Engineer: 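Could you have a look at this structure, given as structure tokens, before my questions?
Predicted model only: the values in this text are computed from it and were never measured. Note that these values count all heavy atoms, side chains included, but never hydrogens, waters or copies made by symmetry.
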Amino acid sequence: QVLLVESGGGLVQAGGSLRLSCVASRRTFSSYAMGWFRQAPGKEREFVAAVSWSGGNTYYADSVKGRFTISRDNAKITVYLQMNSLKPEDTAVYYCAAGVVYRDYVDSAEYRYWGQGTQVTVSS
């Protein structure tokens, strides 16, 4: 069963913007932390951003601070990633994830549930 579904990826020129969405299929996810990770060809999956279950705390990788914004709408059981000032190095498959985070929001192992990913390609 697919529990998290990402959308909003695509091709954009450098300097442009995209907004990714991740919709959860169960109300339970409204009480989980949610995050975004990405994986570029030949590289390991890396942390991008995360938001606490209440939306009151957000976390960002240094590489995206000031450019990306994570938010959530628990009524819609959806998490968003607004990406501005995109760079070619942002090109990757972006995955949303959810779970109870006990230690470290940047550690992918903390997240139990994962979406299948959406491709983001930024041209120079």
Side-chain angles (χ1 to χ4, degrees):
Q1 181 182 358
V2 178
L3 299 178
L4 297 171
V5 179
E6 304 97 332
S7 63
L11 175 64
V12 65
Q13 292 184 346
S17 299
L18 287 172
R19 189 176 78 155
L20 306 184
S21 299
C22 178
V23 180
S25 62
R26 291 286 182 268
R27 186 65 187 171
T28 301
F29 286 93
S30 65
S31 63
Y32 291 166
M34 300 189 75
W36 289 94
F37 293 76
R38 67 188 183 187
Q39 187 167 21
K43 299 180 66 177
E44 295 184 353
R45 186 172 298 183
E46 65 176 347
F47 171 77
V48 177
V51 59
S52 62
W53 72 269
S54 66
N57 295 288
T58 57
Y59 309 85
Y60 297 95
D62 288 342
S63 60
V64 306
K65 285 181 180 177
R67 299 189 298 122
F68 292 9
T69 302
I70 188 170
S71 61
R72 67 189 299 163
D73 184 341
N74 282 344
K76 297 180 178 179
I77 324 176
T78 301
V79 63
Y80 304 95
L81 185 68
Q82 178 66 47
M83 305 186 294
N84 298 326
S85 302
L86 283 162
K87 304 174 181 179
E89 50 263 46
D90 295 318
T91 296
V93 177
Y94 284 70
Y95 300 89
C96 66
V100 179
V101 175
Y102 292 102
R103 297 179 299 276
D104 188 0
Y105 280 91
V106 310
D107 184 0
S108 63
E110 294 272 14
Y111 299 84
R112 180 175 180 179
Y113 305 99
W114 292 83
Q116 294 182 317
T118 185
Q119 177 71 48
V120 172
T121 302
V122 184
S123 62
S124 60

Engineer: Are E44 and S108 packed together at the side-chain level, in the sense that at least one heavy-atom pair is separated by less than 4.5 angstrom?
Structural biologist: no
Engineer: Does any non-hydrogen side-chain atom of T91 lie less than 4.5 Å from one of Q119?
Structural biologist: yes
Engineer: Determine, using the 4.5 Å side-chain heavy-atom cutoff (strictly less than), whether Y94 and L11 are members of one ILVMFWY cluster.
Structural biologist: no
Engineer: Distance check, rounded to the nearest 0.5 Å: L4 atom CG versus I77 atom CD1?
Structural biologist: 10.5 Å
Engineer: Nearest 0.5 Å please: distance from the OG1 atom of T58 over to the NZ atom of K65.
Structural biologist: 10.0 Å
Engineer: So which heavy atom on V106 is nearest to which on F37, and how close?
Structural biologist: O-CE2, 3.6 Å
Engineer: Identify whether the distance between the nearest side-chain nitrogen and carboxylate oxygen of D90 and K87 falls below 4.0 Å.
Structural biologist: no
Engineer: Linking directly or through intermediates, with side-chain heavy atoms under 4.5 Å: list the remaining ILVMFWY members grouped with V2, chain and number order.
Structural biologist: V5
Engineer: Calculate, to the nearest 0.5 Å, the distance between atoms SG and OH belonging to C22 and Y95 respectively.
Structural biologist: 13.0 Å
Engineer: Rounded to the nearest 0.5 Å, what separation is found between the OG atom of S124 and the CD atom of Q13?
Structural biologist: 9.5 Å
Engineer: Would you mind listing every salt bridge (charged side-chain N to carboxylate O under 4.0 Å, His left out) that reaches into residues 15-34, with sequence neighbours excluded?
Structural biologist: none
Engineer: Using the rule that Ile, Leu, Val, Met, Phe, Trp and Tyr join whenever any side-chain heavy atoms are under 4.5 Å apart, tell me whether V100 and W36 fall into a single cluster.
Structural biologist: yes
Engineer: Identify every side-chain donor-acceptor pair in residues 110-117 under 3.5 Å, counting partners at least two apart or on other chains, and give the distances.
Structural biologist:
residue, atom, partner, partner atom, Å
E110, OE1, Y102, N, 3.2
E110, OE2, R103, N, 3.0
E110, OE2, D104, N, 3.0
Y111, OH, Y105, O, 2.8
W114, NE1, Y111, O, 3.0

Engineer: May I ask whether Y60 and V79 are part of the same hydrophobic cluster, defined by side-chain heavy atoms of I, L, V, M, F, W, Y residues being less than 4.5 angstrom apart, directly or through others?
Structural biologist: yes
Engineer: Could you measure the distance from the OG atom of S30 to the CG atom of N74? Nearest 0.5 Å is fine.
Structural biologist: 5.0 Å
Engineer: Where is the tightest heavy-atom contact between S85 and S17, given as atom of each residue plus distance?
Structural biologist: N-OG, 4.3 Å
Engineer: With side chains defined as the heavy atoms from C-beta onward, is the minimum distance between R38 and V120 less than 4.5 Å?
Structural biologist: no
Engineer: Please name the residue in the list V51, V64, V48 that meets the side-chain contact (heavy atoms from CB on, under 4.5 Å) test with L81.
Structural biologist: V48
Engineer: Do E6 and L20 pass the side chain to side chain contact (heavy atoms under 4.5 Å, CB included) test, and can you show the C-alpha distance, the side-chain angles, and the key distance before you say yes or no?
Structural biologist: CA-CA 7 Å; E6 304 97 332; L20 306 184; over 6 Å; no
Engineer: Check whether any side-chain heavy atom of W53 lies under 4.5 Å from a side-chain heavy atom of Y32, and answer yes or no.
Structural biologist: no
Engineer: Under 4.5 Å between any side-chain heavy atoms of L18 and F68, yes or no?
Structural biologist: no
Engineer: Is a donor on one side and an acceptor on the other found under 3.5 Å between the side chain of T69 and the backbone of Q82?
Structural biologist: no
Engineer: Before giving the answer on side chain to side chain contact (heavy atoms under 4.5 Å, CB included), spell out for F29 and L3 the whole-Å C-alpha distance, their side-chain angles and the decisive distance to 0.1 Å.
Structural biologist: CA-CA 9 Å; F29 286 93; L3 299 178; 3.9 Å; yes
Engineer: Specify the closest pair of heavy atoms between G56 and S52, including all atoms of both residues, with the distance to one decimal.
Structural biologist: N-OG, 3.4 Å
